[in-house]
Enquirer: 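Here it is, the structure in full.
In what follows, chains carry the letters A, B, and so on, assigned in the order in which the sequence lines appear, proteins first and then strands, with residues in each chain numbered from 1.
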There are 2 protein chains.
Amino acid sequence: MTKKPRGRPRSYDPQKALGKALESFWASGFASTSLDDLAAATGMNRPSLYAAFGDKKQLYLKSFEIFAGGVHAALTSLKEDSSPPRKALERFYAEATEIYLSGPDGPRGCFIICTAPVEAANDDDIREALSTVLSEIDKGLEAFFEKAKSKGELAKDTDASARAKLAGAVLHSLAVRARAGETKQELQKLAREAVSLLT
Amino acid sequence: MTKKPRGRPRSYDPQKALGKALESFWASGFASTSLDDLAAATGMNRPSLYAAFGDKKQLYLKSFEIFAGGVHAALTSLKEDSSPPRKALERFYAEATEIYLSGPDGPRGCFIICTAPVEAANDDDIREALSTVLSEIDKGLEAFFEKAKSKGELAKDTDASARAKLAGAVLHSLAVRARAGETKQELQKLAREAVSLLT
DNA sequence: TTATTATTATTCGGATTGGTACAAAATTCA
DNA sequence: TGAATTTTGTACCAATCCGAATAATAATAA
């Protein structure tokens, strides 16, 4: 159905290119990733980058949203996990750890936690985006604890909101620790302790 | 008895200048802080900066060590606090929160957690410095929990090392959340929950 | 074929980057 | 007073930065 557009066809896949841009920003952050880096990574030239995604910051924010979508999906998956809360949270942290330890050039932590805070102090848009994601993480985890309460798998007098903030804190820390070079065993130790105390 | 040196006297105070450099890096991170920024902040000109502190990265690492010294002092103070563990940890988090929320241009979080991770992936020296501080935080908190155990104020079968990692995670999260714009009340809620579950 | 449209590729420009060379300035020592 | 020494201030360097202007290219529409 989609009629072919009029002019010269694109020689790149916008989705793929955005993915490559995300990888670049993830590796080096916003300030240290140059347009040349982005052009090389995406295989696009500068003007095409602009036409497709706007300026550098817009491209960063679009990459940010892609990653945030993954976070959102993970939270939804956690909330819908039918296994016991302890098991579900364990899996949630294990999957995050796996991602944080991945990377073509060594562990790179979390795109958001490791690259956005440094920019947040001087850029309102990035701070806003970061703030939104942190809040979504808290909200997602709160829903998880609320569900556990309602299923009787967590004490009724538990403050789900407060516990969610603590569970989120563990995620933030895993992100930073991974990028700092901590081993999988160390990260798992933190996750295990968190699951043990939180659920 | 320090004899006066031979040549033209310095027109700056190295300690004060380093403090100003730290402020600059804290505000904008390593990559986004230019030598012009640093020269303006310290009141020194570029060649003097080089003579005094070496290149930009060395200056960043020196600033890093200054801040790390503060972290170390806070951990020592926590360990030596004679009040009940719960009170001591409360104060520890409250003091950190105060620092994270401070800043001439709004809350700036933690110098280390908010500026080092982004560089850590591509710079071995910065990753090493970050890794060292994270480890020191864990160690310092572990000593605190060990002491609480030995005083009988914490269950004997508590894994102090694991609990320290979780306590450190809260600190990391406070650092990021503050820079993202969370209010003091929200940060305190996280700290309160942490103290409640950890001690 | 010819016009239209959209994208690509090359090039450029002004600003900024980290770092340095060199001469002027300010001090102590002889 | 003058030589020696250290720091300062200006100017400069090559490289890189982000962004845009322009022209060539490749497709559809008429």
Side-chain angles (χ1 to χ4, degrees), chain A residues 1-18 20-22 24-25 27-64 115 118-119 122-126, chain B residues 1-18 20-25 27-64 115-116 118-119 122-126:
Chain A
M1 310 297 305
T2 64
K3 257 219 309 251
K4 282 193 175 178
R6 197 101 189 298
R8 178 172 177 172
R10 284 205 178 101
S11 66
Y12 60 90
D13 174 353
Q15 291 276 46
K16 269 187 154 50
L18 192 48
K20 291 296 188 182
L22 187 156
S24 299
F25 283 128
S28 305
F30 175 75
S32 293
T33 302
S34 70
L35 287 181
D36 281 341
D37 293 336
L38 293 165
T42 58
M44 299 164 67
N45 41 37
R46 227 104 50 100
S48 295
L49 273 175
Y50 269 79
F53 307 112
D55 68 10
K56 187 183 168 184
K57 199 174 87 175
Q58 292 180 274
L59 182 48
Y60 174 82
L61 288 173
K62 283 188 166 73
S63 304
F64 189 106
T115 77
V118 70
E119 309 295 336
N122 294 300
D123 188 308
D124 290 345
D125 297 319
I126 295 179
Chain B
M1 297 302 87
T2 65
K3 257 215 313 245
K4 280 193 175 178
R6 198 103 189 295
R8 178 171 176 170
R10 285 206 177 101
S11 66
Y12 61 90
D13 174 353
Q15 291 276 46
K16 269 187 152 49
L18 192 48
K20 292 294 188 182
L22 185 157
E23 296 273 332
S24 299
F25 282 128
S28 304
F30 174 75
S32 293
T33 302
S34 70
L35 287 181
D36 281 341
D37 294 335
L38 293 165
T42 57
M44 301 164 65
N45 41 37
R46 229 103 54 100
S48 294
L49 273 176
Y50 269 79
F53 307 113
D55 69 10
K56 187 183 169 185
K57 199 175 87 175
Q58 291 179 274
L59 181 48
Y60 174 81
L61 288 173
K62 284 187 167 71
S63 305
F64 189 106
T115 77
V118 70
E119 309 294 336
N122 295 300
D123 188 308
D124 289 345
D125 297 318
I126 296 180

Enquirer: Let me know the distance between CG of L35(A) and C1' of dA15(C), rounded to the nearest Å.
Expert: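 So the two atoms are 14 Å apart, to the nearest Å.
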Enquirer: Going by the side-chain hydrogen bond (donor to acceptor under 3.5 Å, both in side chains) test, name the single residue among Q15(A), R10(A), K16(A) that passes it with Y12(A).
Expert: R10(A)
Enquirer: Taking CG from D36(A) and P from dA15(D), how many angstroms apart are they, rounded to a whole number?
Expert: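 To the nearest whole Å, that distance equals 15 Å.
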Enquirer: Under 3.5 Å, is there a donor on one side chain and an acceptor on the other for T115(B) and Y60(B)?
Expert: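 Result is yes, a qualifying pair exists.
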Enquirer: For F30(A) and dC17(D), give me the distance from atom CZ to atom P, rounded to whole Å.
Expert: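 Checked: the CZ to P distance equals 13 Å.
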Enquirer: Calculate the interatomic distance between R8(A) atom CZ and dT28(D) atom C1'; express it in whole Å.
Expert: 14 Å
Enquirer: Find the distance F53(A):CZ to dT7(C):C1' and express it as a whole number of Å.
Expert: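 Interatomic distance, CZ of F53(A) to C1' of dT7(C): 14 Å.
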Enquirer: I need the NZ-C1' distance between K57(A) and dG19(D), as an integer number of Å.
Expert: 15 Å
Enquirer: Could you state the OH-P distance from Y50(B) to dG18(C), rounded to the nearest angstrom?
Expert: 8 Å
Enquirer: Using a cut-off of 4.0 Å on non-hydrogen atoms, how would the nucleic acid contact of T33(A) be classed: base, sugar-phosphate, or nothing?
Expert: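 Answer is sugar-phosphate: T33(A) comes under 4.0 Å of backbone atoms only.
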Enquirer: Taking the nucleotide of DNA chain D with the nearest heavy atom to each, does P9(B) or R46(B) sit closer to the 5' end?
Expert: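 Looking at DNA chain D, the more 5' nearest nucleotide goes with P9(B).
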Enquirer: Can you check whether S11(A) has a side-chain N or O nearer than 4.0 Å to OP1 or OP2 of dT8(C)?
Expert: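 Yes.
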Enquirer: Check whether any side-chain N or O of N45(B) sits under 4.0 Å from OP1 or OP2 of dG9(D), and answer yes or no.
Expert: yes
Enquirer: Is there a side-chain contact between S34(A) and the phosphate of dC17(D), meaning an N or O under 4.0 Å from OP1 or OP2?
Expert: yes
Enquirer: Using heavy atoms to find the nearest nucleotide of DNA chain C for Y12(A) and D55(B) separately, return the residue whose nucleotide is more 5′.
Expert: Y12(A)
Enquirer: In whole Å, I'd like the distance from the CG atom of L49(B) to the P atom of dG9(D).
Expert: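 Atom-to-atom, L49(B) to dG9(D), this comes out as 12 Å.
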Enquirer: Indicate the atoms forming the closest heavy-atom contact of A52(B) with M44(B), along with that distance.
Expert: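 It is CB-CE, 4.0 Å.
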Enquirer: Which heavy atom of S48(B) sits nearest to which heavy atom of N45(B), and what is that distance?
Expert: OG-OD1, 2.7 Å
Enquirer: Identify the nucleotide, in any strand shown, that forms a Watson-Crick or G-U wobble pair with dA3(C), with both distances under 3.5 Å; if there is none, say none.
Expert: dT28(D)
Enquirer: Would you indicate what R10(B) reaches in the nucleic acid, counting non-hydrogen atoms under 4.0 angstrom: base, sugar-phosphate, or nothing?
Expert: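 Contact class for R10(B): sugar-phosphate only.
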Enquirer: If you count every heavy atom of other residues, nucleotides or ligands that lies below 6.0 Å from K56(B) atom NZ, does the total exceed 12?
Expert: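 Yes - once you tally the heavy atoms of other residues, nucleotides and ligands closer than 6.0 Å, there are more than 12.
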